[in-house]
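The structure appears right after this line, and notes come after that.
Numbers here simply count residues along the sequence, with the first being 1.
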Amino acid sequence: LTGVMRLAPGAAVLLFNGRDGEWRATLATVSKRGAAATCDAMTRPLAMPPDLWLLFAPIKKARTDFIVEKAVELGVRRIQPVQTRHTNSERIRQDRLQAHAVEAAEQCGATSVPEVAELIALDRLLSKWPEDRHLYWCDETALGQPACIAPATGPAAILIGPEGGFSTEESARLRARPNVTPLSLGPRILRADTAAVAALTLWQAACGDWR
């Protein structure tokens, strides 16, 4: 606000903290260490996205950033990086990705910011998976089948695999779970970042707040 936008005391800004909605505020003091503002009035109440999680295997830095950005824009409550057998990125900077999610929320006018969780192994994640949360698994072996999600209610999650696909063991474990639905994303092979956008769009159109 002060270093880039050059705002001075008395300037009006819109603020949100992910809990109390959006507020119109006035900059009260500005210094090299920061600034203070006075909240004047609420402009929008807190609007939470549907109870949807995005699970994805991290890829190259810029494309992982893209996935986080688009997940915030499309509307999720949690972004969960997962380590699979063929994941080609073994580490992430959770704090950097969380900051990226905040920036994306600012850009798209959201009043909430999804949590970006620490990287977790897929096997460990599935071992403690909540029974009431349905998991849509983007299965590359379903290529060419109709890409559709039946309208449903309740907590949900979407799982996007790595560029190398899921291992045979991972696929077998996913198929064996009662609350997992394999999902096709159409007749063409999609990059992981494109697949995330496509799957989130399908779910939001069928089950989310786009209806």
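- At least one donor-acceptor pair under 3.5 Å links the side chain of Glu140 to the backbone N or O of Phe166.
- Atom OG of Ser127 sits about 6.0 Å away from atom CZ of Arg173, to the nearest 0.5 Å.
- Counting non-hydrogen atoms of other residues, nucleotides and ligands closer than 6.0 Å to CZ of Arg124 gives a total of 12 or fewer.
- Taken from NE2 in His100 to OG1 in Thr64, the straight-line distance is 10.0 Å, to the nearest 0.5 Å.
- The shortest heavy-atom contact between Pro146 and Ser184 is O-CB, 3.8 Å.
- Atom CD of Glu131 sits in a sparse spot, with 12 or fewer heavy atoms from other residues, nucleotides or ligands closer than 6.0 Å.
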* Begin from the C-alpha positions of Gln204 and Asp209 and carry the test side-chain contact (heavy atoms from CB on, under 4.5 Å) through to its verdict. => CA-CA 6 Å; Gln204 283 284 19; Asp209 56 8; 3.1 Å; yes
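- In the hydrophobic clustering of ILVMFWY residues, with side-chain heavy atoms under 4.5 Å counting as a link, Val116 and Leu159 come out apart.
- In plain terms, the two heavy atoms of Val30 and Ala8 that are nearest each other are CG2-C, 4.4 Å.
- Checking Thr181, Thr153, Asn179 one by one against His134, the side-chain hydrogen bond (donor to acceptor under 3.5 Å, both in side chains) holds for a single residue, Thr181.
- Considering CD1 of Ile158 and CH2 of Trp203, their distance stands at 7.5 Å, rounded to 0.5 Å.
- When the side chains of ILVMFWY residues are joined at heavy-atom separations under 4.5 Å, either directly or via intervening members, Trp23 and Val102 end up in two distinct hydrophobic clusters.
- By the rule that hydrophobic residues join a cluster once side-chain heavy atoms approach within less than 4.5 Å of another member, Leu190 and Trp137 end up as members of separate clusters.
- Following chains of ILVMFWY side-chain contacts shorter than 4.5 Å, one can reach Tyr136 starting from Ile67, so the two form part of one hydrophobic cluster.
- With respect to Asp51, the side-chain hydrogen bond (donor to acceptor under 3.5 Å, both in side chains) criterion is satisfied by exactly one of Arg78, Arg133, Arg77: Arg133.
- In terms of heavy-atom proximity, Pro151 sits nearest to Arg211 at CB-NH1, 4.4 Å.
- Atom CD in Glu69 sits 10.0 Å away from atom CG in Leu74 (nearest 0.5 Å).
- By the neighbour-count criterion of 12 heavy atoms within 6.0 Å, atom CD1 of Ile189 is sparsely surrounded, having that number or fewer from other residues, nucleotides or ligands.
- Smallest separation of non-hydrogen atoms from Ala105 and Phe16: CB-CZ, 4.0 Å.
- With contacts defined as side-chain heavy-atom distances shorter than 4.5 Å, the pair Pro49/Ser112 qualifies.
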* To do: May I have the step-by-step check of side-chain contact (heavy atoms from CB on, under 4.5 Å) for Leu97 and Ile79, ending in yes or no?
  => CA-CA 10 Å; Leu97 292 179; Ile79 299 172; over 6 Å; no
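- Here the options are Arg191, His86, Arg63, Lys60, the test is side-chain hydrogen bond (donor to acceptor under 3.5 Å, both in side chains), and the partner is Glu163; only Arg63 passes.
- Between Arg177 and Leu126, the shortest heavy-atom contact is NH1-O, 3.1 Å.
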* To do: Mind running side-chain hydrogen bond (donor to acceptor under 3.5 Å, both in side chains) on Thr43 and Glu22 for me, showing each step along the way?
  => CA-CA 6 Å; Thr43 51; Glu22 179 188 81; 2.6 Å; yes
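- Proximity of a side-chain donor or acceptor of Gln80 to a complementary backbone N or O of Trp53 within less than 3.5 Å is not detected.
- Atom CZ of Phe56 sits about 10.5 Å away from atom CG of Asp193, to the nearest 0.5 Å.
- Between the side chain of Thr87 and the backbone N or O of Ala57 there is no donor-acceptor pair closer than 3.5 Å.
- Scanning all heavy atoms of the two residues, the minimum distance from Cys138 to Leu185 falls at SG-CD1, 4.0 Å.
- The backbone N or O of Gly21 lies less than 3.5 Å from no partner atom in the side chain of Thr111, so there is not a single donor-acceptor pair.
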* Carefully, step by step, assess Gln98 and Val113 under the rule side-chain contact (heavy atoms from CB on, under 4.5 Å). => CA-CA 9 Å; Gln98 187 67 65; Val113 181; 3.6 Å; yes
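- Clustering ILVMFWY residues whenever any of their side-chain heavy atoms sit less than 4.5 angstrom apart, transitively, puts Trp129 in a cluster other than the one holding Val76.
- For Ser171 and Asp139, the side-chain atoms include no donor-acceptor pair closer than 3.5 Å.
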* Residues Phe66, Val197; criterion side-chain contact (heavy atoms from CB on, under 4.5 Å); working and verdict -> CA-CA 10 Å; Phe66 176 88; Val197 172; 3.8 Å; yes
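- Note that CD of Glu169 is 12.0 Å distant from OG1 of Thr84, once rounded to the nearest 0.5 Å.
- Contact check on Lys70 versus Glu73 returns a salt bridge, with a Lys/Arg side-chain nitrogen under 4.0 Å from an Asp/Glu carboxylate oxygen.
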